[in-house]
Each structure stands twice: as C-alpha cells, then as structure tokens.
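Worksheet for the structure shown next.
Numbered from 1 within each chain, the chains take letters A, B, ... in sequence-line order. All figures in this text were calculated on a predicted structure; none of them were measured in a lab.
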Amino acid sequence: MEILHFLGLENANIPAQLMNAIWLGSLYSLFALGYAIVFSVLGILNLSHSAIFMWGAYFGLAASCGTSVYDGKCVELNHALWTAIPAAIIGGGILAVVIDRIAFYPLRKRNAPRLSQLISSIGVAIILVNLAQLRFTAERKGFPIADVPNTPINVPNGLDIEQPLDVARLALALVFQESGVSISPIQILVIIVAILLMVGLSYVVARTRLGKAMRTVAFNARVGNLLGINTELIYMIAFFISGALAGSAGILFALARNPAVDPFMGDSLALKGLTVIVLGGLGSIRGAVVGGFLIALIEVYINTATKYGYLDQAFVFMLFFFILLVRPQGILGQPIEDRA
Amino acid sequence: MWGLLDSLLQPILDLATQLLEPLLERLATVGLSEPVVQFMLMNAILGVSIYLTLNCGMFSLANAGFMAIGAYVGAILTTQHGATLGEALLYGMLVAGIIAIPVGLPVLRLRNIYLAIATIGFGEIVRLIILHFDTLAVEFRDSKIFGPIARPILKLMVEDVDARRLEITLGARGITRIPVYTETAHLVVFLLVLSYFLYRLHHSRMGRAMAAIRQDERVAASQGINVVYYKNVAFVMGAMLAGAAGVFNALATRTIEPKAYGFDKAVDILAYAVLGGLGNWLGPILGGLTLTAIPELLRELREYSGVVTGVILLLIIVYLPGGLTSLMIPSFWRNGGRYEFAKRVTTAGVVLVGLVNVLPYQIDNGRILGYEFWGLIIGNMVIVGLLLWVRYTRQRQNGGHFSLPLMGVGITGVVLFIALALVGKIDHLAVGYYVHLIGMALVGLGGWISYPAEER
Amino acid sequence: MLAIQNLEVRYGAIIALRGISFAVEQGQVVTLIGANGAGKSTTLNTISGLVKARMGSIQFQGQAINTWGADRIAQHGLIQVPEGRQIIATMTVQENLEMGAYPRAGGWLGWRGESSDNIQADIEDVFQRFPRLRERRRQKAGSLSGGEQQMLALGRALVAQPKLMMLDEPSMGLAPVLVNEVFAIIKDLKAEGKTILLVEQNARKALDVADYAYVLERGQIAKSAPAFDLRDDAEVIEAYLG
C-alpha cells in the first residue's frame with residue numbers, strides 16, 4: 001500500500017485501468033507494427049501511415065454503411081457490421097501499396113536520399129487527409145449507435161452460455177466482477193484481433209520463407225536480389241501488411257470509440273506511433289509491440305494518478321525526445337550508426 | 001540608441017512604402033491583396049529559416065516551434081508592455097535563438113531520420129506547452145521549489161502575478177487584439193537585408209564550411225572544420241529567423257493560436273524550401289512566395305490548397321528534386337535528353353488525368369456518364385491504370401522513337417471527351433473537364449515526341 | 001555457356017566498361033584479372049543484373065539476359081558470390097543456407113518448388129564439405145570468422161545448384177592460410193566439373209586454378225589467353241605477378 005500511495009494510485013481502480021491500458025496498448029501496437037515493418041524492410045519512415053489508418057476507418061465505414069457515408073451520417077447499416085473489418089484491412093493494404101508505387105518506388109529507383117522519402121511520405125499524408133476532408137467533410141462520423149455492441153459488461157445477468165460472446169462475457173465477469181472492471185465487447189475484439197495479428201505476424205517473420213526473404217532484404221536488398229529474391233515483390237508485400245495493420249487499427253479504433261471517424265483521427269496517433277517505435281527501437285517488430293503497451297500504460301497512469309492528465313501528450317513527447325537523445329536505438333533495438 | 005536606429009530606418013521604410021504602392025495595386029488586381037503579399041513574404045523568410053539548417057545537412061522540422069515562440073513573445077510584449085515592432089522583433093528573435101541553443105546542442109548530434117523525428121517531437125512539445133501555459137504557470141508559481149525562479153519570469157509576461165488564474169497565452173483560444181504593426185515595407189526591407197546576408201554568407205568561410213558539412217560531415221571534420229559549432233550556429237540562425245517570421249505574423253493577424261504552429265506549419269515550411277530548391281538561397285524565397293500565391297491565384301483551387309501543397313511536395317521531390325531553381329540552370333535541360341522530356345510530358349498528363357479522377361465531382365456534378373459511386377471508382381481506376389500501364393510498357397519495351405499506344409490512348413481520350421460534350425452527355429463543363437482534356441492531350445503529346453533509340 | 005558481346009557500362013559520365021567481349025564454356029574456370037578499378041566487379045554485377053548495360057549483349061545458355069532483373073538471373077542458375085562475402089549476419093548459418101535455395105524452393109509461396117528434403121540434403125552436402133559450418137549451424141552468421149564466412153558464402157551459392165558460379169574476390173581480406181584453403185576449394189569445385197567465372201586481385205593464384213584468363217585494363221580487355229600461357233607472359237608478370 002505504501003508503494004501505491006507513493007505512485008498516487010491509492011484511489012485508482014487498478015484492474016480497470018490496467019484493462020484500459022491493455023486495450024489501448026493493443027491498438028497502439030497494431031498501429032506501430034505497420035510503421036516498424038516498413039522501416040525494417042525498406043528503412044523508410046512512412047509518415048503517411050496515420051493517413052492509411054484514417055482511410056482504413058473510412059473504408060470500413062463505407063463497406064458496412066454504403067454510399068450514405070458520402071454526404072451525411074451513417075443512419076443504418078447496409079451490410080453486416082463485420083464487413084467493415086476485412087474492408088478496412090484490404091483497403092488499407094492496397095492503399096499502402098499504391099502509396100509505395102507513387103511516392104517511394106521512383107525515389108528508390110533513383111537511389112534518392114532517405115530524407116526525400118520522408119518528404120514524399122509527408123506529401124502523401126497531406127494529400128490523403130485533405131482528400132478525406134473533401135470527400136467526407138470534416139464532420140465526425142460513426143456507425144449507428146444501436147448496431148455497435150458497445151455497452152460495458154459489468155455483472156453476468158441473463159447470459160446465454162450457447163452464445164460464444166456471452167461465454168467470453170461470463171469469463172471476464174468472473175475474473176473482474178469484484179474489481180468492477182467494465183469492458184465492452186468491442187474492446188475485447190480489439191484485444192483479440194490485435195493479438196491474433198501480432199502472433200501471426202511474428203510467426204510469418206520468424207518462421208516462413210516469406211519472413212526470411214523479408215529479413216534478407218531488410219539486411220541488404222542487393223544480396224537478396226543476388227539470391228533470387230524479387231525485392232520489389234517483397235517491398236509490395238511489406239507495404240500491404242503495413243497498410244493492412246494500419247487499416248485494421250483504424251477500424252477497430254473507430255468501432256471502440258464510436259463515433260470517431262473524421263479526417264484528423266490519425267493526427268495524434270501519427271506522432272504517438274512514432275514514439276512507440278522509437279521507444280521500442282526503430283525497425284524492431286518486438287519493440288513495436290512492447291513500446292505500444294508501454295506508452296499506453298504511461299498515458300493511462302498519467303491520466304489516473306496525477307493531476308496533469310491534460311499534459312499526457314506532452315509527457316509522451318518528452319519521453320520520446322528524451323529517448324532519442326539518450327538511447328536512439330530504443331529499448332530493444334540494436335546500436336545504430338546514425339549518430340555522430 | 002533605439003531612437004537613433006529608428007530615425008535611420010524610418011526614411012528607408014518610407015521610401016520602400018512609396019515604391020511598393022504601385023506594385024501592390026497591380027498585384028491586388030490578380031487576386032494578391034496586401035495581406036496575402038505579407039504572408040508570401042513571411043513564408044519566404046520561413047523558407048530561408050529551414051534552408052539554413054538544410055544547407056548544413058540537417059533535416060530539422062523545429063522551425064514551426066520557433067515561429068510559435070517568436071509569435072507569442074511578440075504578442076505578449078505588444079499587448080502587455082506596449083512594445084514597438086522593432087522591440088518585439090528583437091526580443092522575439094533573441095528568445096527563439098536562446099531557446100535554440102540548449103535544444104540544438106543535444107539534438108544536433110542526431111542525424112537523418114532521427115534528427116527529423118526529434119525535431120518533430122520538439123515542435124509538438126512547444127505547441128502543447130503554449131496550449132497549457134496558463135495552467136502550468138500557476139503550478140510553477142505555487143510550487144515551493146520553482147516558485148522563486150518562475151515569479152520574476154512570469155512578472156515579465158503579466159502584471160498581476162498573484163492572480164488566482166493567470167491569462168498569458170490563453171490556451172486554445174489564443175491571444176486576441178494584438179496591435180497590427182507589420183507593414184509590407186518592413187517585410188520587404190527585412191527580406192532584402194536577409195538576402196544580402198545570405199549572399200555574403202555563401203561566399204564566406206562559414207558558408208563554405210557549411211557546404212562542406214552538407215557534403216560529408218566526416219570529411220569536413222577531418223579537414224579541421226568545427227562541425228558541432230557550425231551546425232549549432234546554423235540551427236540558432238534558423239531559429240532566430242523563424243522567430244522573426246513569428247513576430248511579423250503575430251503583429252499582422254491580430255489573433256494567434258497554438259494550432260497554427262503545429263506539425264502542419266512545419267510541413268508547409270518544409271514545402272517552401274523543397275519547392276524552391278535547395279541548390280541556392282534563392283530557392284526557398286521563391287518557394288515561399290510561390291506556394292503561398294498559388295492557392296490565391298487559382299481561386300478554384302483554394303478549397304484544395306491542402307491537396308495542392310501535398311501534390312507539389314510529392315511531384316517536386318519525385319520528379320524535380322532540385323526544385324524550381326533547378327529549372328533556371330541550363331544543364332538541367334541538357335541532361336536527360338528528349339527521352340526524359342517525353343517521359344516528363346507523359347507523366348504530367350497522367351498526373352492531371354489521375355487528379356481529376358480522384359476528384360470526380362469536378363467533372364460533372366458527381367457523375368461521369370451517369371455512373372454512381374462504385375462504378376465511378378472502378379472506372380477511374382481503369383483509366384489511370386491503363387495510362388500507367390501504357391507508360392511503363394513503353395518505357396520498358398519500346399526501344400523506338402515514338403509510342404503509338406500512348407498516342408492512341410491520348411488522342412482517343414481527347415476525341416471521346418469532346419464527342420461526349422458535343423452529344424450533350426456532360427451537362428456541366430467544369431474545370432475538371434478541361435484539365436482532363438489537357439491531361440489526355442499531354443499523354444498523346446508524350447507519345448508523339450520522338451527520341452533517338454540510344455537515348456534509352 | 002555464357003557469351004558477352006561488346007558490353008558497355010557507364011555510371012553517369014564515367015565509363016566503367018568500354019565494350020568488352022568474352023565467353024565462358026561449360027566446365028571451364030575462367031578468370032578476370034586486373035588492377036583496382038579496371039572494371040572486374042562491374043562486369044560481374046552487370047552479368048548478375050545489378051547494373052544495367054548501356055550497350056552490348058549477355059547470352060546465357062542461348063538466352064539474352066541483359067534485360068532481366070537480378071532475381072530472375074539468379075533463378076536461372078547464374079549465381080554470384082559477392083565481394084566481401086555478404087552473408088546475412090542476422091540469420092543463423094542454417095537459415096543462410098536455406099536462403100541460398102530460395103529460388104529452388106519456389107520463392108516465398110513455395111509454388112512448384114522442390115521438396116525441403118531435397119534442399120536439406122544439399123545443405124548436408126555443404127556441411128560435408130565444410131564441417132566447421134555444421135558445428136556452427138545454429139549460430140548467427142555474423143559471429144563467424146572471416147574464413148568461415150567465406151565458406152558459408154560459397155556454401156550458400158552451392159545450395160542454389162548453380163549452372164555458373166561467379167566468385168568476386170573470394171580471397172579478399174583473408175589470412176594467407178585461408179587464401180590457400182579458398183583456392184583449394186575452387187580447385188575441388190573445378191574437379192567436380194563446375195563452371196566458374198573468377199574475379200581476383202591475387203593474379204598468381206587465380207592463374208593457377210583457371211583454364212582461361214582475361215586481363216582487364218581501364219574497362220577494356222587488354223589480353224586474353226589460356227591461363228597457363230599468361231603465367232609466363234612477361235608483361236603480365238611485371239604488372240600483376242611482380
């Protein structure tokens with residue numbers, strides 16, 4: 001209890017806040033993974049990643065709401081809610097591949113300096129955000145409230161054991177009943193999807209031939225080429241995976257914070273995602289996951305335990321700044337040479 | 001001292017005002033009113049501020065942050081202390097420069113991407129601190145440890161330090177009712193002095209040292225150039241210029257808010273320098289002037305000014321890495337030859353057609369030939385895809401002199417669109433229609449330009 | 001097997017190769033010798049498809065390959081062992097060898113690829129040849145010594161079942177004992193009937209193992225003859241063997 005008092009947590013509902021940090025952390029990790037995968041394979045910092053995140057949410061919204069998203073609010077669903085998720089994943093992936101062909105491929109072919117690629121990705125980000133604004137207006141949109149199963153689960157009453165979702169509710173309720181944790185089915189979905197994608201991705205990278213080819217190209221593209229690897233194809237796949245991760249993070253965020261879809265929804269995440277991968281070590285896949293949860297934990301802590309909740313963003317950026325200066329390779333990264 | 005300087009400068013400013021008057025009238029007729037011209041000049045200063053760091057091989061995006069510092073210092077001084085423009089400018093630049101020293105020393109040890117993202121982080125921290133400054137100020141004032149340090153500093157900013165709430169930066173609302181002191185003549189004179197300074201810098205020892213550092217830091221260091229010193233000097237100078245632009249900006253707009261100095265502004269500043277070109281100091285000035293003027297000149301584009309900035313940034317960095325100023329260098333046109341030229345023309349055409357198709361509302365009130373949303377998207381993808389395919393196959397296969405497929409597609413596109421308009425399929429001939437026509441014509445032209453086989 | 005005609009390569013304004021022509025026949029060991037910057041590595045990189053020729057043709061088994069990408073050329077059995085080994089330091093020895101068989105395994109999807117048993121058998125052959133690699137198969141390749149790295153690079157190329165191997169300075173940066181070992185390996189490979197194009201600065205050793213030799217000077221072929229004859233050529237002795 002001493003330590004709780006010291007940390008300012010004596011009044012906090014720790015399991016509830018921990019749950020909060022976990023779902024937020026899954027989202028951050030998912031988003032940052034996409035950043036990290038492109039950085040590790042191509043050495044590019046794709047600053048349009050947050051714009052893909054935002055477009056992913058719109059793709060999802062358009063898939064289940066239909067064209068009504070265009071001019072006004074989504075009043076009723078044209079298709080099932082779940083169609084939003086694959087639409088966001090595939091849409092985000094394709095968008096990322098297109099971005100690569102337009103903004104990065106010509107520069108890569110010319111052997112342009114890395115910084116040109118940073119600049120062109122900034123250009124793409126501006127274009128995408130402004131296009132979204134023109135297309136969908138700046139108004140915040142969301143799924144029709146009644147269709148999103150967003151009510152928090154507190155106590156198990158009237159559960160149907162036959163329903164898989166209710167089984168999950170029961171399990172959660174049993175675990176957290178005492179502590180008064182409330183978590184919505186969508187937040188559970190975020191955690192499950194995030195974990196599935198993260199486990200899947202680390203399996204692909206570590207075990208499959210594709211993963212090995214990606215690691216080879218990341219190590220040295222020329223060598224990969226000499227070994228018979230079609231490097232451009234690997235780049236395309238890396239971008240697709242990255243975009244798919246951004247899109248999935250976008251739609252999950254949109255569902256969990258419904259209504260949350262607007263052209264600027266990615267802005268705060270752009271720099272936060274950067275913080276996450278810098279914290280974890282640029283280009284490190286594991287680092288992105290660990291960093292995501294760490295940042296979420298720090299944010300939730302600042303918001304609950306200190307009176308400086310309004311400064312949570314500033315704290316995150318200070319941390320980011322500090323890490324860059326003290327240990328630019330991050331907590332899990334390898335030493336870098338980009339330092340004098 | 002101050003009075004002497006003032007009396008020296010006043011005649012120059014008066015003269016400049018007189019000389020500028022007819023020019024400003026002329027510019028106003030094409031849509032560049034005096035406030036717009038002032039913004040163009042401020043942005044030119046900002047372009048130079050980022051150029052100073054880029055010229056030293058440092059990719060720093062911190063300038064929006066320094067601009068914010070300058071703007072708030074200027075605003076507070078004029079509203080709380082009744083400072084003049086000259087005083088505000090002096091202190092704004094000084095504060096920005098002084099803050100730049102402790103920031104620069106550690107940060108400039110980073111390179112490339114690491115430097116870029118660290119400076120992005122710095123900009124965000126500045127914005128957030130300004131946003132929450134009033135609350136923070138109260139915290140610090142009331143704190144036992146920092147109180148004695150914070151009080152005298154806060155006294156400079158506000159009359160009643162002991163008030164329950166402090167109102168200094170006023171959070172997201174921003175500072176309002178700032179006196180308007182900035183005149184176009186001030187900006188022109190400032191920019192002229194700056195240009196002279198840059199011109200001299202280029203031919204000085206310091207300028208050559210900076211160029212050497214940009215080429216290769218290690219080589220420069222081995223030649224006895226004090227890399228750390230010059231980098232920090234460039235960084236501080238850039239910060240001071242950004243601060244000056246901030247002061248001018250605050251004293252021209254009446255109102256300032258932290259939102260205006262965020263990441264978007266940092267990117268805009270970068271775009272000025274990239275558009276103009278980093279080859280010499282004229283580039284960023286040209287870039288700042290042009291990029292500010294474009295949305296004003298093309299009134300139809302004003303709504304799309306964000307898209308325009310993005311597209312310009314992308315196109316320049318991909319197709320014209322030397323920026324606008326590289327067009328003025330003769331060897332640019334000699335390099336590459338006719339094949340490169342044909343390729344550029346085609347690309348311009350494809351980009352135009354692509355742009356129109358991404359914004360289909362501009363062609364015919366949201367429908368092309370009566371197709372709705374999904375049909376529209378698919379149709380557009382087919383058109384742009386076809387063009388890209390033809391362009392790239394030509395690049396790869398056609399060892400020849402001119403490209404029949406490209407000409408075919410271009411001419412068909414032009415004929416088809418004219419025919420559709422004649423038949424009356426298109427109700428409303430909007431700008432997009434003409435842009436589409438021009439794009440298709442350019443594609444055809446690109447195919448028509450012949451080039452000797454060995455140029456590939 | 002490999003026929004180069006009139007190959008010209010430029011880097012911007014610099015002319016690296018000024019129209020060279022040569023050929024490698026099945027089962028032969030051909031060496032390109034010459035000073036630094038004569039264009040030896042450029043020649044190999046152009047054949048491998050990493051550098052595009054401005055003019056000239058490259059024929060491999062009767063097919064023109066100058067427009068192909070490097071990956072496609074490697075898939076057709078023209079394998080380069082690049083200068084400085086270039087093993088993948090972040091992967092284990094076993095994984096490095098598996099990457100050598102990447103095209104054989106059918107690329108990333110494994111479509112129409114050979115069975116992994118076949119490939120593993122070839123990897124075992126490499127371990128047979130270089131027993132030291134077997135001991136270190138689970139180690140990261142970056143932790144190997146220079147000589148072991150060169151063996152890994154050769155092994156990686158062998159797993160690809162090359163029709164023609166191109167070795168770029170295999171003895172570079174190795175201790176004299178290891179240099180001898182590398183050339184012993186090349187002799188073994190020659191005895192097994194492998195076709196090899198060897199680029200070397202160590203002209204004496206290269207001429208010892210080669211059947212035929214070309215001397216490159218400033219991007220041009222200054223001399224070409226059976227390796228045995230060049231060993232006694234006065235000019236060559238003075239310039240390269242001295």
Side-chain angles (χ1 to χ4, degrees), chain A residues 36-37 39-43 97 105 108-112 200-241 281-287 329 332-337, chain C residues 11-12 41 44-45 47-52 68-92 94-111 113 116 119 140-142 153 156-157 159-162 165-166 168:
Chain A
I37 210 157
F39 188 86
S40 74
V41 175
L42 291 103
V97 172
Y105 173 72
R108 193 155 66 226
K109 226 176 64 176
R110 202 176 65 210
N111 267 330
L201 191 68
S202 35
Y203 173 77
V204 165
V205 171
R207 294 261 175 266
T208 63
R209 212 174 285 122
L210 170 64
K212 283 176 192 160
M214 283 167 93
R215 274 151 64 201
T216 306
V217 174
F219 181 74
N220 186 331
R222 243 170 93 99
V223 172
N225 227 241
L226 284 179
L227 288 173
I229 298 170
N230 184 344
T231 40
E232 281 303 325
L233 185 71
I234 298 294
Y235 290 153
M236 199 181 272
I237 295 169
F239 265 101
F240 185 88
I241 294 177
L282 274 177
S284 158
I285 304 284
R286 256 184 317 159
Q329 72 268 37
L332 290 178
Q334 276 144 5
I336 48 151
E337 286 172 17
Chain C
Y11 298 117
S41 291
L44 285 203
N45 286 340
I47 299 171
S48 284
L50 290 175
V51 176
K52 289 283 164 242
W68 294 8
D71 50 322
R72 192 168 166 205
I73 291 172
Q75 283 157 18
H76 277 73
L78 237 172
I79 305 290
Q80 189 193 135
V81 180
E83 193 178 324
R85 273 87 71 177
Q86 305 281 12
I87 47 120
I88 306 153
T90 51
M91 288 189 182
T92 64
Q94 169 79 23
E95 282 175 319
N96 261 280
L97 292 171
E98 281 169 17
M99 283 318 292
Y102 181 83
R104 277 177 69 196
W108 66 283
L109 275 174
W111 275 344
S116 52
I119 292 167
K140 287 268 186 297
R156 189 174 66 183
V159 175
Q161 292 188 334
M165 270 173 98
M166 298 189 285
D168 196 351

| said: I need the minimum non-hydrogen distance between Ala74(C) and Leu226(A), along with the two atoms involved. | reply: CB-O, 3.3 Å
| Nearest 0.5 Å, what's the CD-CD1 distance between Gln75(C) and Ile229(A)? | 10.0 Å
| task | Could you grab the distance from atom CG of Asn225(A) to atom CZ of Arg72(C), nearest 0.5 Å is fine? | result | 13.5 Å
| field | Atom group of Asn220(A) that falls short of 4.5 Å from chain C, counting heavy atoms | value | side chain
| task | Kindly give the heavy-atom pair with the smallest separation between Ile87(C) and Phe219(A), and that separation in Å. | result | O-CE2, 3.2 Å
| Region of Leu78(C) that comes under 4.5 Å of a non-hydrogen atom in chain A | neither
| note | If one checks every heavy atom of Gln86(C) against chain A at 4.5 Å, the contacting part turns out to be both
| message | Rounded at 0.5 Å granularity, tell me how far CG in Leu227(A) sits from CE in Met99(C). | response | 6.0 Å
| task | Determine the minimum heavy-atom distance between Gly228(A) and Pro103(C), stating which atoms define it. | result | CA-CG, 4.2 Å
| query | Which atoms of Asn96(C) come close to chain A, meaning under 4.5 Å heavy atom to heavy atom: side chain ones, backbone ones, both, or neither? | reply | neither
| Under a 4.5 Å heavy-atom cut-off, does chain A meet the side chain of Ala101(C), its backbone, both or neither? | neither
| Side chain to side chain, Met91(C) and Thr216(A), heavy atoms closer than 4.5 Å | yes
| For Ala89(C), is it the side chain, the backbone, both or neither that has a heavy atom under 4.5 Å from a heavy atom of chain A? | both
| field | CZ/Arg108(A): more than 12 non-hydrogen atoms of other groups inside 6.0 Å | value | yes
| task | Check each atom of Leu50(C) against the heavy atoms of chain A and say whether the ones under 4.5 Å are side chain, backbone, both or neither. | result | side chain
| field | Gap between atom CG of Asp71(C) and atom OG1 of Thr231(A) - 0.5 Å precision | value | 6.0 Å
| Contact origin within Ala206(A) toward chain C - heavy atom pairs under 4.5 Å | backbone
| note | Turns out that what part of Arg156(C) lies under 4.5 Å from chain A's heavy atoms comes down to side chain
